[in-house]
Amino acid sequence: MDILVVNPNTTAGMTAKIGAAAAAVAAPGTRIIAVNPETGPASIEGWVDGALAVPGLLQEIARGEARGVAGHVIACFDDTGLDAARSLAAAPVVGIGEAGFHVASLLAGRFSVVTTLARSIPVIEANLLRYGLAGRCARVRASEIPVLELERPGSDAEARISAEIAAALAEDRAEAIVLGCAGMADLAARLSARHGVPVIDGVAAAVTLVEGLARLGLRTAKTGGYAAPRPKPYAGAVFAPT
Ligand SMILES: O=C(O)C[C@H]1NC(=O)NC1=O
C-alpha cells in the first residue's frame, strides 16, 4: 500500500527527516510518499502559520487521492487542516498530534507533551479538548526551540527537549511523553532510553495507525461533517476542490 505523509510546511529537509521516520516503522509492502507543499510557511508556529499552510496541504491531499493512496498522514503536530483534509479524502487521514495522544493514552494514565515554542501550546491544548483527551494530558510544555532550530546541525535542541522531559517527569506525574513536533521524530528512541519512560513520536504513531485503518478496509465517514465540499467557485484560490 502507498501512504502519503504530508509535511505541511515548505522545508524540504524536514520532509526528508519525516519521511525517513515514517519509512522506518512502515510495514513491509508499505511505500511512504513524503511530500510538502510548494507554497506556505517554512515552519508552522502558531495560528497564522497554521492557517496559511492549509491550502498547500489540501493540494497535496487531493494529489494523493488522485493517485489512490491507501491513507494520509498530516505530519505537523498541530494537526493542521485535519478536518478539511478528511472532507477532501476518501482514504483515512491521521494527524500526528491526535495519533500521539491516543498512543500515549494506551500506554499511560497521564502523559505530558513537549513541543517547540510556547505559542504552539494553545493550539495543542485546543486539539486535546476537541479530541476528548485533555483529561489524560498532565501538561503541554514548550522547550522554547524554534521549529527550524531542530534542523540546524549542532543545535542544543535535543538537550533542551530532554531537560523539559525531566521536568515533566518530576513535576507533572507524567508517565509518558509525546514529542510535540514532527521535527523531533528522530529523537524519540534516544530520549526514551535516557528517561526510562515511553517517548512517543507522532509520525511513527500516525503511520502505524493509518496503515491499520487501511488494512481494516476503513475509509473516512462521508455522511456528516466530513462530506465532500459542495461545488462552487473559489476565486483566486491557491487550491480549490474539483
Ligand atoms: O507546532 C509546532 O511547533 C510543531 C509543528 N510546526 C511545524 O512546522 N511542524 C510541526 O510539527
Side-chain angles (χ1 to χ4, degrees), residues 1-10 15 18-19 22 30 32-41 43-44 46-103 120 122-134 182 202-203 205-242:
M1 70 173 78
D2 285 352
I3 299 293
L4 183 76
V5 177
V6 187
N7 168 19
N9 73 41
T10 51
T15 304
I18 291 165
T30 294
I32 298 295
I33 303 164
V35 299
N36 61 256
E38 300 99 19
T39 60
S43 64
I44 296 166
W47 300 111
V48 171
D49 294 345
L52 293 176
V54 172
L57 164 80
L58 295 180
Q59 178 82 66
E60 297 306 326
I61 297 289
R63 288 169 177 165
E65 284 291 300
R67 66 188 294 175
V69 299
H72 307 264
V73 168
I74 297 177
C76 173
F77 198 77
D78 301 358
D79 294 340
T80 307
L82 179 60
D83 291 322
R86 286 178 176 158
S87 301
L88 277 188
V93 185
V94 176
I96 69 170
E98 187 173 21
F101 302 149
H102 280 291
V103 166
S120 296
V123 181
I124 295 166
E125 287 176 338
N127 284 343
L128 281 158
L129 282 168
R130 198 157 67 94
Y131 303 148
L133 289 170
V203 173
V207 167
T208 305
L209 291 176
V210 84
E211 276 183 322
L213 293 172
R215 199 163 294 117
L216 291 170
L218 294 172
R219 316 276 281 169
T220 298
K222 287 295 172 186
T223 56
Y226 294 146
R230 294 180 58 250
K232 68 191 65 158
Y234 291 84
V238 167
F239 164 76
T242 48

Looking at [atom1] of [X] and [atom2] of [Y], how far apart are the two atoms once the value is rounded to the nearest 0.5 Å?
X: Tyr226; Y: Arg219; atom1: OH; atom2: CZ; answer: 16.0 Å
X: Leu57; Y: Phe239; atom1: CG; atom2: CZ; answer: 9.5 Å
X: His72; Y: Thr220; atom1: NE2; atom2: OG1; answer: 7.5 Å
X: Glu38; Y: Glu60; atom1: CD; atom2: CD; answer: 5.5 Å
X: Asp83; Y: Leu88; atom1: CG; atom2: CG; answer: 11.5 Å
X: Ile61; Y: Ile74; atom1: CD1; atom2: CD1; answer: 5.0 Å

With a 4.5 Å heavy-atom cut-off, do [X] and [Y] have their side chains touching?
X: Val35; Y: Arg63; result: no
X: Thr80; Y: Val54; result: yes
X: Leu82; Y: Val93; result: yes
X: Glu98; Y: Asn127; result: no
X: Pro55; Y: Tyr234; result: no

**Request:** For the pair Tyr131 and Phe101, name the ring-plane relationship: parallel under 30°, tilted 30 to 60°, perpendicular over 60°.
**Result:**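 The rings of Tyr131 and Phe101 sit tilted, inter-plane angle from 30° to 60°.
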
**Prompt:** Is Asp79 salt-bridged to Arg130, cutoff N-O under 4.0 Å?
**Reply:**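 Looking at Asp79 and Arg130, the cut-off is not met.
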
**Item:** Exam field: side chain Thr10 to backbone Pro41, donor-acceptor pair closer than 3.5 Å
**Value:**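 Between the backbone of Pro41 and the side chain of Thr10 there is a qualifying donor-acceptor contact (under 3.5 Å).
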
**Request:** Would you check if the side chain of Asp78 reaches a backbone N or O of Gly46 as a donor-acceptor pair within less than 3.5 Å?
**Result:**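 No: the side chain of Asp78 does not pair with the backbone of Gly46.
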
**Message:** If you compare all heavy atoms of Ala70 against all heavy atoms of Ala214, which two are closest, and at what distance to 0.1 Å?
**Reply:**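 Heavy atoms of Ala70 and Ala214 come nearest at O-CB, 3.7 Å.
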
**Asked** Closest heavy-atom contact between Ala126 and Trp47?
**Response**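 Smallest interatomic distance, heavy atoms only, reads CB-CH2, 4.4 Å.
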
